[in-house]
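Here's the structure we're looking at; comments come further down.
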Amino acid sequence: MIQQRYVRDNKDQGQRILLASLIAGAIFFVLLTRLWYLQIVDSERLVELSEINRLRFVPVAASRGAILDRNGRILVGNTPSFSVAVVPQEVKDKDALLASLAGYLGLDLAELRQRWDKGKGRAKYYPIVIASGISRDQLEFLEENQLRLPGIDLEVKPVREYPNGTLAAHLLGYIGEISEQELDAEQFSEYNSGDYVGKSGLERSWERFLHGVDGGRQIEVDARGRYLRTLRETRPTVGNSMVLTIDIDLQKAAENAFGDRAGAAVLMDVNSGEILAFASNPAFDPALFAGRLDPEVWKSYLEDKRHPLENKALKGQYPPGSTFKIITALAGLEHGLIDEKTTVVCRGSYEVGKDKFNCWDKKGHGVVDLKRALRESCDVYFYQLGERLGVDRIAEMASRFGLGEATGVGLENEKGGLVPTTAWKEKKYGKKWFRGETLPVSIGQGYTLMTPIQLTAMTAALATEGTMYRPHLVKQVVDPDGKVLKEFKPEMIRRLDIKPASYRLVKEGLLAVVNEPRGTGAAARLYEVKVAGKTGTSQVVKMRDGKKELAYQYRDHALFVAFAPFDKPEVAVSVVIEHGEHGGAAAAPVAGAILRSYFEKKGVIRKPVPRSAKEEGEDASPERERQEEKQQ
Amino acid sequence: MIDRRLFTNFDWVFFGLALLLVAIGIMNIYSASASYRITGLPFHLKQLSWLGAGLLLMVAVCSIDYHIFEDLSYWFYGAVLLMLLLVMVVGRTSMGATRWLHLGFVNIQPSEPMKIVIVMTLARYFSRFGSQDGLGFRDMGYPLLLVGIPALLIMKQPDLGTAILVLLVAGTVMLFVGIRWSVIATGLLAFIPAVYLGWHYYLRDYQKNRILNFLNPERDPLGSGYHLIQSKIAVGSGGIIGKGYLKGTQTQLRFLPEQHTDFAFSVFAEEWGLVGSLVLLVIYLLLVLWGLHIAGRCNDRFGRLLAVGVTAMLCWHIVINIGMVIGLFPVVGVPLPFLSYGGTSLITSMTAVAILLNISMRRFMF
């Protein structure tokens, strides 16, 4: 039985093998038929195609999307730029061609050679860009002489244009040719070398949306490689544009207020988290990065001790100085350690053990309560409060405000600042926290670090009494047809659990800072709108001997945070002036100017009428206007 | 273990066919990459070093009696399936697909060994459960599950070419075992809604585009249709006797995409013409027929099914790749055994050959 089955099985299997062989043979026969068709029947046509196969594929770069301000005014647009490319396949005498191009364009021959070599690995019909950003005159000249320069290809492509010059340079960022490392990265898997990508700022962080889809032309050229006709074309798709929360006018006002001083300012709508101005000074010129960056300019940027390439609003981490007293005060109030009546006697310094901690005013403030401590920024009051609180309770209050972590503003590499705790120090240095270290922390010195965005976010949360919106810069992403792809609505990220009375006390203190006699922030006062703010002066180096003039890089940073209007807060602003020495003297006027321009724009404050307008207007008598203003 | 009879029974013809193909492959890779500017070792030398590794592996595979694979097949299956799952979790992504598993010193692509392991697994399964009058619905459930899970995982990566290959190879083995006509008819009927659902819910856009561009290459002459058009021009312009070694204009001017890997056959056909292609096809056909012959000579059911499955794997690779570059199938990334550059492909093909040699030389050991 088994024997029988075995035999039958084997016979059956033998047939199957035969069948399988026949099927395999048949399939191969089909392949062969097809080959016969291609290589004999259709061969003539295909041979011809291969001979005239000078079908070239020329990529057409897509325009990047524009970046607009909140009112649709252009911050970054595009403008056509002309470039010369060379198609290696059609070049007869490479050296002669490059030499004559160098001559016509007034460029360095070695540089052209270098460009040529960069394109070597690619297909020989693929154009290599030899020089970009040539002038219209040069373009016309080359067009006329194209016959004598076989193999050149003149291209028009869009490049970035910055109608406002250096305005918001750090925020916008710049673009540049994709680097080797970037080409290897996954996110750039569909890019080719020679493509332009965002290198910093929004251009980098929002590359995915801005880039667009490159198109291409399939063109036919004759045996000498000259263009005959375009066979097919896929149009590039323009990238999406972005509508920012930024207001060009306010951005300008913020940047102008700095003059040539280094620093950062962030102005934010407290009721939505929309950032209206995001300034980092001094700026660089983003247009210079799109083409060949002049080494001299690059060097000057690198050597400038004010660090123009650094985005200070995003990545600058500063000791918050006395602006941090907002946090210390709230912690004290919430833990019931102080109330509005608690007083401290300031004699100009405070001693813990052997260490003596000075108040900024060595004469001392005398008897101070919370309001006065804030108004006059008495350090001794907060030393004592901080000592009673301990560093961890201060840190706990700071982290309620989200300090110590990045706010998620929508730009890469945002810094998170630092809120020290005993556990942090243990981990970082393996050492215990000393009681004496708490004192500097309570006045925003020591290890504590904050970014300008965090300073603004903290002030905004105080203004709204605990409702924190995520600070953001992008309002909408709009596709080329005008369809809104993404809309960024205000996002409430925290609702702080702090007693309303605590907020009120601190806010009143901040109102006094700006509006009462002996307040440190009087320079930010606006007569039409009630401003509340806090000054800060943060030490860069610890030891100061007397009144001797310090070198620039050792001078104190000047800070100021403010919100307005006091009764119904709309905006919060923070200003950091690097090495500006005094918060009240250097930063407060800048904050004041920014707030003034905001309220001027809103129409709450009348703009001073320019002289030319006065002459044009018939009955615009300035005296009368001023009288009307007073009546209101 | 090492029996003298093993040497006398060594299938030199089959081994020779495989080596001949590798030699043609390396010669062809040299031409295909002649226009490349390469940093590091040139491709044909790299392929040569892969050949060395492949030969060592062949010796190893041949020295083990293939009946051991019968006992180990489920373990292999489990291990490779686990690797496929790991790829999903911690795989390395390149070009939008996650196929690689990083094992410290070496990167492996578990979908490759799965091609062979699935054959072993099915051979093992059907060596115990086969029925005289063909497989019915009930007999199909378990083996379909065995094939379906890895196929789905591979498709998810996404690697449509390999997934289709696994399914085709498994299908071939099952057909060889015998399936009832009623099951085949039902399968064909179910195919239509499956295609519909797959198209609408499963395939990614780029995969759909490949299929659409295959059906109508003019649809996207700049994108993926471009590859097909240029490949057809290359093959067709080769004519009867070809343009000559290293003289293919399509190849040397680099109109062909991935000409040293997936489109290696276009390079060969352009430079050697119909005559060369015919010779190459005949060698490939001989290889396949010899593989089936080995299966026919084998006396145990496991060995026979294993031989059929492994041969089917080689055969489908050849047919799909060549069919693809001459415009019979859509462009799916399936390499041509022995001709395409790439260590993974060469090692898989040589392992397949080694398994067949193994079965062949132990045909009298039963």
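Note that the structure is a prediction, hence the values are computed from the model and not measured. Values reported hereafter were calculated over all heavy atoms of this structure, with side chains retained and with hydrogens, waters and symmetry mates removed. In what follows, chains carry the letters A, B, and so on, assigned in the order in which the sequence lines appear, proteins first and then strands, with residues in each chain numbered from 1.
- Here the closest heavy-atom approach between residue B:Ala295 and residue A:Ile17 is recorded as CB-CD1, 3.6 Å.
- Crowding of A:Glu44 atom CD: a count of heavy atoms from other residues, nucleotides or ligands under 6.0 Å not exceeding 12.
- Contacts of B:Leu281 with chain A are made by both backbone and side-chain atoms, with heavy-atom separations under 4.5 Å.
- Residue contact with chain A, scored on non-hydrogen atoms closer than 4.5 Å, involves the side chain of B:Val288 exclusively.
- Neither the backbone nor the side chain of B:Val282 comes within less than 4.5 Å of any heavy atom in chain A.
- Counting heavy atoms from C-beta on, the side chains of A:Phe28 and B:Ile318 come closer than 4.5 Å.
- When atom types are taken as modelled, the side chain of A:Ser43 and the backbone of B:Ser237 share no donor-acceptor pair closer than 3.5 angstrom.
- For the atom pair CG (B:Leu328) and OG1 (A:Thr33), the distance works out to 9.0 Å, reported to the nearest 0.5 Å.
- Note: B:Leu292 CG to A:Arg16 CZ = 13.5 Å, rounded to the nearest 0.5 Å.
- With a 4.5 Å cut-off on side-chain heavy atoms, A:Gln39 and B:Ile240 do not count as touching.
- Within the 4.5 Å cutoff, the side chain of A:Leu38 has no heavy atoms near those of the B:Leu274 side chain.
- Interface remark: A:Leu32 contributes backbone and side-chain atoms alike to the contact with chain B (heavy atom separation under 4.5 Å).
- More than 12 heavy atoms of other shown residues, nucleotides or ligands fall within 6.0 angstrom of atom CH2 in A:Trp206.
- Looking at B:Ala312, neither its backbone nor its side chain comes within 4.5 Å of chain A, counting heavy atoms on both sides.
- Taking all atoms of both residues into account, the shortest heavy-atom contact from A:Ser21 to B:Leu289 is CB-CD2, 3.6 Å.
- In plain terms, the two heavy atoms of B:Ser277 and A:Leu35 that are nearest each other are CB-CD1, 3.7 Å.
- Around the CG atom of A:Leu19, the shell of radius 6.0 Å holds more than 12 heavy atoms that belong to other residues, nucleotides or ligands.
- A heavy-atom distance below 4.5 Å is not found between the side chains of A:Leu31 and B:Tyr284.
- Judged as a salt bridge (Lys or Arg N to Asp or Glu O under 4.0 Å), not a single pair has a partner in residues 25-41 of chain A (not counting sequence neighbours).
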